[in-house]
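Both backbone and side-chain heavy atoms feed into the values below; hydrogens, waters and symmetry mates do not. Convention: sequence-line order gives letters A, B, ...; per-chain numbering from 1.
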Amino acid sequence: GCGARAGDEAAGSATSAAPSCVDTSGPTVKLGFLNSLTGGMAISEKTVSNVLHMAADEINAGGGILGKKIAYVQEDGATDWPTFAEKTEKLLTQDCVAAIFGGWTSSSRKAVKPVVEKHNGLFFYPVQYEGLESSPNIYYTGATTNQQIIPAMDFLASRGVKKLFLAGSDYVFPRTANAIIKLYAAKLGIEIVGEEYVPLDKDDWTSQVAKIVAAKPDFIFNTINGSSNVGFVKAYYDAGLTAATTPIISVSIAEEEAPAMGHEVTGHYASWNYFQSLKTETNPKFIESWKAYPNSSGVTSDPMEAAYISLYLYKALVEAAGSFDVDAVNAAAKKNTITFDAPEGKVTLDGDNHHISKPGHIGQINANNQFDIAWASDKFIEPDPYLEGYDWFPADIRKQLTDAAG
Amino acid sequence: MHVDALIAPLLNGSAQGALLLLAALGLSLTFGQMGVINMAHGEFLMLGAFAAYLVQQVITASDLSIPVALPVAFVVAGLFGLLLEVTIIQWMYRRPLDTLLVTVGVSLILQQAALQIFPSQGVPVEKPGWLDGQLTVLGYDWPLRQLFTILLATVCVAALSAWLKHTSFGRRIRATVHNRDLAETSGISTRTVDRLTFFTGSGLAGVAGVAASLIGGTNSQMGAQYIIPAFLVVAAGGIGQLKGTIIAAWAVGVALSYFAYWTTGSLAQVLAFILVIVFLQLRPQGLFTVRTRSLA
Amino acid sequence: MTDASLVVTDLRVEFSGFVAVGGVSFDAHPGEVRFLIGPNGAGKTTCIDAITGLTKGTGSARLGEKELLGRQVHKIVRLGVGRTFQTASVFDELTVLQNLDIAAGRHRPAISLLRARRGVDPAIERALEETGLAGELTTPAGILSHGQKQWLEIAMLLVQDAKVLLLDEPVAGMSQDERTATGELLQRIAAKRIVLVVEHDMDFMRRYATRVTVLHQGRVLSQGTVAEVQADPRVQEVYLGTADAMTEG
Amino acid sequence: MLELTDIEAGYGRTRVLHGVTVPSGKVVAVLGHNGAGKSTLLRLAIGLIKPSKGRVLFDGEDITSLAPNRRVARGMAYVPQGQQSFGQLTTLENLQLVADGRREGRALVDAQLDRFPALAQFATRKAGLLSGGQRQQLAIARALITEPKLLILDEPTEGIQPTIVAEIEQTIMQLAAGGMHVLLVEQHIGFALQAAERYVVLASGHVTQTGEGGKAATSTVRAAMAI
Amino acid sequence: MTKKPWISLGGIGVFAVLLLAVAPLVLSDHWLNNLGKYCCWAIAAVGIGLAWGRGGMLVMGQGVFFALGAYSMAMHLTLESAGDRVPGFMVLYDPLAPLPAFWEPFRGAGFTLLAIVLLPVVVAGILGYALFKRRVKGAYFAILTQALAVALATLISSTIRETGGDTGLSDFKYFFGFVLNDPANKIMVFLIAAGLLVVCLLVVWQLYRSRFGELLVATRDAEERVRFLGYDPANVKLVAFVVSALMASIGGAMFVPIVGIITPAEIGAAASILMIAGVAFGGRASLFGPALGAMAVGWGQSSLGSTWPDGWTYILGLLFIVVILFLPNGLSSLPARFAAARRRPEQKAAPSAATPELEEVRS
Ligand SMILES: Nc1ncnc2c1ncn2[C@@H]1O[C@H](COP(=O)(O)OP(=O)(O)OP(=O)(O)O)[C@@H](O)[C@H]1O
Ligand SMILES: Nc1ncnc2c1ncn2[C@@H]1O[C@H](COP(=O)(O)OP(=O)(O)OP(=O)(O)O)[C@@H](O)[C@H]1O
Ligand SMILES: NC(N)=O
Ligand SMILES: [Mg+2]
Ligand SMILES: [Mg+2]
């Protein structure tokens with residue numbers, strides 16, 4: 001061992017990233033797409049991967065980024081977080097891509113984060129998540145908590161909900177989201193009458209639903225991810241619960257999942273920023289392009305849209321910076337002028353925390369498994385990953401979290 | 001404590017046990033009787049579930065489609081099992097432990113194929129209308145669907161045990177397992193026995209798949225969650241012992257359910273596993289055992 | 001302790017109610033080839049099983065001062081009790097030498113297990129000579145003939161330096177010449193050890209037995225020299241056949 | 001009845017039988033030392049091993065590549081060496097197994113239980129728990145239930161008590177007298193030669209002598225075995 | 001017979017030179033790091049070869065021991081990165097709670113190293129003693145160990161505050177005082193892993209040529225018979241099992257600084273089975289087979305899984321099927337097969353090569 005030791009960092013530059021190997025001298029720019037195409041999360045991520053391809057095709061058809069066509073390198077994260085880390089490293093150091101797009105679970109993002117930070121790369125993450133994170137090397141185009149969870153809670157409060165049951169998958173996003181929900185519920189005067197978790201890869205919810213029946217909540221806050229939702233919904237109806245008496249509000253059931261539940265889910269709610277049913281200027285074109293795209297699922301959804309945005313946002317950033325260089329891109333972001341006419345509306349990038357402004361929407365599932373908008377925020381919600389604008393979130397936790405993040 | 005807290009897990013657990021039993025029943029044939037460790041059994045279960053979905057595409061009335069799906073799933077999964085037997089397993093009866101690894105390969109392939117053939121999100125299988133509703137037992141509204149799972153398991157067990165006990169077939173299976181050459185030279189067509197047994201065992205997985213599709217998602221990953229518990233149930237019951245399998249499945253289901261009630265869903269899984277492992281530690285041959293003179 | 005005897009007293013073995021061995025007593029001493037005979041199912045193998053710890057028995061089986069019953073199989077072996085099985089069981093994949101080396105191993109300190117074998121143990125060489133397997137040193141045991149496997153088993157008992165050899169039908173399936181060779185081998189071995197043989201070959205018994213115990217339905221029916229036992233009408237009736245049809249050329 | 005012509009066979013790459021020919025005959029005895037290849041020859045006759053060269057004829061039909069259970073259906077029966085039975089099945093089940101699907105199955109089983117009283121006594125015991133000799137009797141009984149045209153016996157009296165050995169030997173003679181053909185491997189040369197119409201001596205997988213039974217002197221047979 | 005071990009020793013020497021001297025010179029940082037990861041799996045695979053190939057114990061839950069090493073190491077590295085703060089991921093669930101008690105000792109480097117060695121020995125010792133004394137074997141053993149891996153993975157997933165849950169532990173800055181981001185230190189970590197792999201190979205080399213190796217094979221093939229030679233087969237198996245557990249733990253421990261993250265998925269059912277895939281592929285009973293097989297499977301996953309993700313799953317599946325069906329002794333048996341085919345066909349060969357037949361399944 002002749003390398004740097006702890007404490008040496010300040011002295012030498014040994015630990016700073018090796019110079020980037022990105023080569024944009026040719027007619028193309030290389031980008032990396034990273035999603036689980038195999039394993040358990042392929043269920044959700046294949047669509048994200050596919051819509052990224054569509055965005056790349058569109059951009060190429062429109063002349064590319066800074067006049068350079070996108071040549072993408074597709075990698076499989078295989079639902080395995082270390083694989084996400086390995087592939088990120090490969091994309092950055094072997095393939096020399098200018099930026100990486102993809103991921104779904106927060107776990108995969110957390111695996112990617114240290115690697116992009118080490119190599120000073122860029123990662124665009126498209127799924128709603130639990131917040132309390134920021135990184136100079138990650139751009140978040142899905143909702144943070146104050147754009148999805150908090151609107152949902154406000155909606156519940158407005159509906160006079162007094163007793164809430166929390167059901168989630170057993171991993172970082174639902175656990176963290178629920179921790180935040182509990183803090184906010186206390187402030188709103190909503191009682192949490194139960195909290196249940198089932199592993200991501202299990203879908204028998206019978207026992208937990210029996211507890212829900214016994215707890216008699218007014219509403220269920222559902223942070224279950226993936227196909228475990230199906231088991232939850234089935235157990236829910238088996239037990240005689242209905243949308244009329246005990247409705248569910250979900251943050252991971254979208255247009256694609258709703259018809260796959262094996263039961264009518266009409267009447268339940270979901271909190272997202274984008275719905276297929278949104279009436280914006282750009283949405284019809286997005287829906288049409290997607291329907292026409294090979295291997296399309298036929299419906300659009302929030303994570304897809306966020307993934308779609310991410311590539312365009314990157315294009316805007318690079319063109320503002322006039323360069324593919326990461327530092328230049330970040331500097332361009334800092335000017336807070338980057339916007340994009342997204343299907344969900346005109347979103348603005350916050351150059352400090354690397355999140356985007358988003359409209360809050362609550363949709364109610366109708367008979368066509370589409371969402372009728374039941375509530376909309378009056379304006380776009382500015383991203384606030386550390387919930388600094390919310391006094392009920394304990395400052396000491398925030399401090400500890402930011403400290404721990406370094 | 002409310003009565004609910006005692007009675008609900010018991011009833012839920014019995015249904016969970018019944019599903020586990022359905023998943024394990026085929027294994028008690030192919031593993032218990034034939035010695036084949038079929039890690040693709042979970043994927044045969046998945047095939048049954050997809051068969052139910054396909055049946056629902058043809059017969060759209062779910063009241064009717066599920067009863068039709070049961071025999072269809074049996075045959076579909078059974079045929080896949082037969083295919084597996086004919087192409088691979090038949091060469092491996094003399095090294096049973098290796099079947100475990102070969103079938104891991106088969107299970108990988110089936111999962112990936114399902115992921116690519118069917119929508120990656122999975123497909124919906126609808127519950128028939130006559131399973132809507134609950135039965136009130138001691139103040140607990142017991143979902144009818146759970147009752148159905150138990151009924152289905154009961155029918156399958158009864159049919160299987162009658163088949164094994166009251167036809168000469170059971171004897172032939174056991175003879176073939178015990179000594180293939182001797183069975184063959186006693187005039188038994190061991191190839192027929194093998195194929196029929198494997199067909200039946202795999203077919204039962206298909207039936208289990210229909211039941212599972214009414215409980216959870218129907219997708220490429222669904223089989224994976226059943227395979228290890230099902231093997232544990234067969235092992236805990238005593239290999240080749242139908243009654244042991246029944247009791248073990250029920251016990252594991254109920255234990256899971258109580259654990260889930262008292263702790264969390266994840267911890268319940270852990271505790272149930274530990275319970276079975278400790279039990280097998282104390283009784284390595286399972287609940288019921290067959291003794292022979294060792295080395296003789 | 002070389003002159004310790006094997007003394008079995010009131011040995012009983014029951015299998016869920018069925019009495020396989022119902023109070024058998026006999027003894028065997030170094031220097032004799034002791035035969036245990038009796039009808040099929042009389043309990044001969046079960047006696048050996050009980051003495052070697054394979055099945056549970058009550059009563060007593062002592063080797064010198066040491067009680068054997070109730071000990072674990074490998075502990076009984078370490079006291080010097082070795083056995084063969086009705087069907088030969090050697091390590092098919094290992095060579096004759098490796099088979100014997102493992103058998104010889106119990107006298108070595110555990111740590112020596114971690115070293116490789118160098119050369120051939122003198123005890124092994126002697127056993128090979130005795131059993132005529134010297135030419136098969138590097139042959140995998142799995143491809144020895146049936147008779148050679150049985151000799152290998154006996155050789156393994158020899159290198160194991162067993163004080164008691166319990167042999168269950170050692171000449172079954174052997175041809176006449178091989179039987180003779182085996183019989184002579186047993187006589188040589190018996191000089192310093194206790195040899196107990198279970199056999200149905202009466203010709204073989206007549207030629208090599210010093211004393212015979214006859215079991216019937218789990219009990220001792222008769223005991224004595226070959227002549228005495230053969231003359232016993234009860235033995236003739238249940239086992240030998242009155243005409244003693246055993247006339248083998 | 002059964003003719004084996006110029007058979008070459010073995011296990012894997014190990015050749016055990018070299019150009020072995022066994023003529024047809026009412027009772028044919030195969031003699032030889034340990035490891036000579038007798039059992040291999042019988043396993044080949046019943047179809048457990050396929051020859052790499054040579055032909056097997058049964059009743060004039062070429063059955064060289066027929067599966068064992070087919071041969072049983074055509075009227076062959078086989079008692080392997082080593083007291084083999086289905087250990088997990090009871091004694092009775094062992095018998096029923098082969099009686100299944102035969103007319104008079106029940107009566108056939110009863111006939112064998114009469115013939116071997118020890119089996120009747122332990123009818124409900126798992127065969128794996130029987131003594132070696134009891135298992136051997138069971139194996140013979142199983143073969144006889146099928147009322148075969150040709151009975152193949154591999155050392156049928158090995159491990160059997162003298163009184164029963166005598167009985168089995170008598171049974172074999174009776175069956176042969178009743179028209180059943182027998183292919184027999186026996187170490188009791190005296191009995192084998194007495195029972196056999198023809199005999200074949202194997203040594204290291206080669207036929208070293210053939211001849212008519214009865215007349216042959218055990219000494220010349222012994223000499224042929226030793227080669 | 002007597003010469004062959006020395007040829008193998010030479011093989012280990014060549015292997016060591018390739019790994020320790022040549023690889024760092026010719027490979028890019030990325031591939032060297034990947035090679036380091038394969039080495040970790042290979043270390044575990046060498047242990048599996050010992051337990052399964054030679055000992056007949058199909059250890060389907062090596063993930064458990066891999067986890068003991070990996071999580072010990074990861075906890076230490078996490079604490080090293082966190083300094084005197086509570087690790088960040090714990091803060092949210094209970095901001096005021098102190099570090100869980102079982103984390104505390106892992107601050108110490110010495111304790112951590114000791115834990116990596118002793119934990120698997122103790123756990124495998126107790127587990128193995130209980131299982132082998134009660135004569136649990138064959139399929140029972142395989143399924144039980146697999147169930148244990150599933151249980152542990154689920155336990156870790158469900159204790160997010162204590163263990164990081166499904167997300168695992170990652171973002172390590174230091175490795176016993178060395179800055180992990182420094183390429184020079186990365187090479188050092190690689191060399192340690194590769195060196196440990198060579199040491200493990202040497203250990204099994206000696207074990208295989210020793211009397212213990214023969215006894216182990218004898219126990220695998222006829223456990224009851226071994227008992228009648230005065231040995232307790234449980235002890236023989238226990239030694240092999242414990243050594244293999246130790247190797248898995250070492251592999252796991254080195255996995256953490258190399259890969260930079262450990263999650264329950266790396267130790268669960270699928271991961272444990274993948275470890276076996278490599279061993280089966282290379283040749284379970286051979287000296288080099290398990291290590292090379294594991295490295296090959298690792299490489300396949302990185303490279304084929306990259307260019308052809310769907311296809312890789314099919315290839316992996318087919319690999320299991322084809323190798324086990326046609327080459328039960330793995331690729332390493334190919335040369336011997338060719339050689340044997342060319343030798344005189346008359347010569348007697350061992351009845352069946354090393355295919356442990358485990359009767360228990362059916363009896
Ligand atoms: N584990 C067991 N359970 C029940 N019965 C058993 C068991 N083991 C042996 N027996 C019975 O005990 C009796 C004695 O068997 P044993 O094997 O000792 O006879 P043997 O004298 O060796 O006969 P043989 O000469 O035929 O080998 C037999 O009737 C057998 O069926
Ligand atoms: N499964 C096998 N694999 C390899 N070789 C075998 C196998 N079975 C038998 N052999 C070998 O074939 C040869 C002949 O064996 P076989 O059993 O036919 O002899 P046998 O004449 O019946 O002897 P015995 O009188 O001992 O029964 C022997 O050398 C034996 O080792
Ligand atoms: N960010 C999520 N849904 O894991
Ligand atoms: Mg006996
Ligand atoms: Mg023979």
Novice: Looking at side-chain heavy atoms only, is the closest gap between B/Glu85 and B/Val36 below 4.5 Å?
Specialist: no
Novice: Considering only heavy atoms, which portion of E/Leu152 lies under 4.5 Å from any heavy atom of chain B: side chain, backbone, both, or neither?
Specialist: neither
Novice: Between E/Val136, E/Thr313, E/Leu318, E/Leu155, who has the most heavy-atom pairs with chain B when the cutoff is under 4.5 Å?
Specialist: E/Thr313
Novice: Under 4.5 Å heavy-atom distance to chain E, tell me which part of B/Leu282 shows up: side chain, backbone, both or neither.
Specialist: backbone
Novice: On a heavy-atom basis, which atom in B/Ser28 and which in B/Thr245 lie closest, and how many Å separate them?
Specialist: CB-OG1, 3.9 Å
Novice: Could you tell me which of E/Val323, E/Asp310, E/Ile276 has the largest number of non-hydrogen atom pairs under 4.5 Å with chain B?
Specialist: E/Asp310
Novice: Taking atom CZ as the centre, does B/Phe169 end up with more than 12 heavy-atom neighbours from other residues, nucleotides or ligands that are less than 6.0 angstrom away?
Specialist: yes
Novice: At a heavy-atom distance under 4.5 Å, which candidate from B/Gln281, B/Met39, B/Gln269 has the highest pair count against chain E?
Specialist: B/Gln281
Novice: Chain B heavy atoms under 4.5 Å from E/Ile273: which part of the residue, side chain, backbone, both or neither?
Specialist: side chain
Novice: Taking atom CZ as the centre, does B/Phe80 end up with more than 12 heavy-atom neighbours from other residues, nucleotides or ligands that are less than 6.0 angstrom away?
Specialist: no
Novice: So which part of B/Gln116 gets closer than 4.5 Å to some heavy atom of chain E, the side chain, the backbone, both or neither?
Specialist: side chain
Novice: What residue, out of B/Ala272, B/Gly105, B/Ser266, has the most heavy-atom pairs lying under 4.5 Å from chain E?
Specialist: B/Gly105
Novice: If you compare all heavy atoms of E/Gly47 against all heavy atoms of E/Ser244, which two are closest, and at what distance to 0.1 Å?
Specialist: O-CB, 3.0 Å
Novice: Name the region of B/Ala113, side chain, backbone, both or neither, that has any atom closer than 4.5 Å to a heavy atom of chain E.
Specialist: both
Novice: Which one wins on heavy-atom pair count under 4.5 Å against chain E: B/Ile274, B/Leu110, B/Leu101, B/Leu267?
Specialist: B/Leu101
Novice: Heavy-atom distance under 4.5 Å to chain B: side chain of E/Ser157, backbone, both or neither?
Specialist: neither
Novice: Is E/Ala142 in contact with chain B via its backbone, its side chain, both, or neither, using a 4.5 Å heavy-atom distance?
Specialist: side chain
Novice: Is E/Arg227 salt-bridged to E/Glu223, cutoff N-O under 4.0 Å?
Specialist: yes
Novice: For each of B/Val270, B/Val276, B/Leu280, tally heavy-atom pairs with chain E at distances under 4.5 Å, and name the one with the top tally.
Specialist: B/Val270
Novice: A side-chain contact here means heavy atoms from C-beta on lying under 4.5 Å apart; do E/Leu127 and E/Phe241 qualify?
Specialist: yes
Novice: Looking only at side-chain N and O atoms, does E/Ser332 offer a donor or acceptor that is under 3.5 Å from a partner on E/Ser286?
Specialist: yes
Novice: Is a donor on one side and an acceptor on the other found under 3.5 Å between the side chain of B/Gln90 and the backbone of B/Val86?
Specialist: yes
Novice: What part of B/Leu100 is in contact with chain E, defined as an atom under 4.5 angstrom from a non-hydrogen atom: side chain, backbone, both or neither?
Specialist: side chain
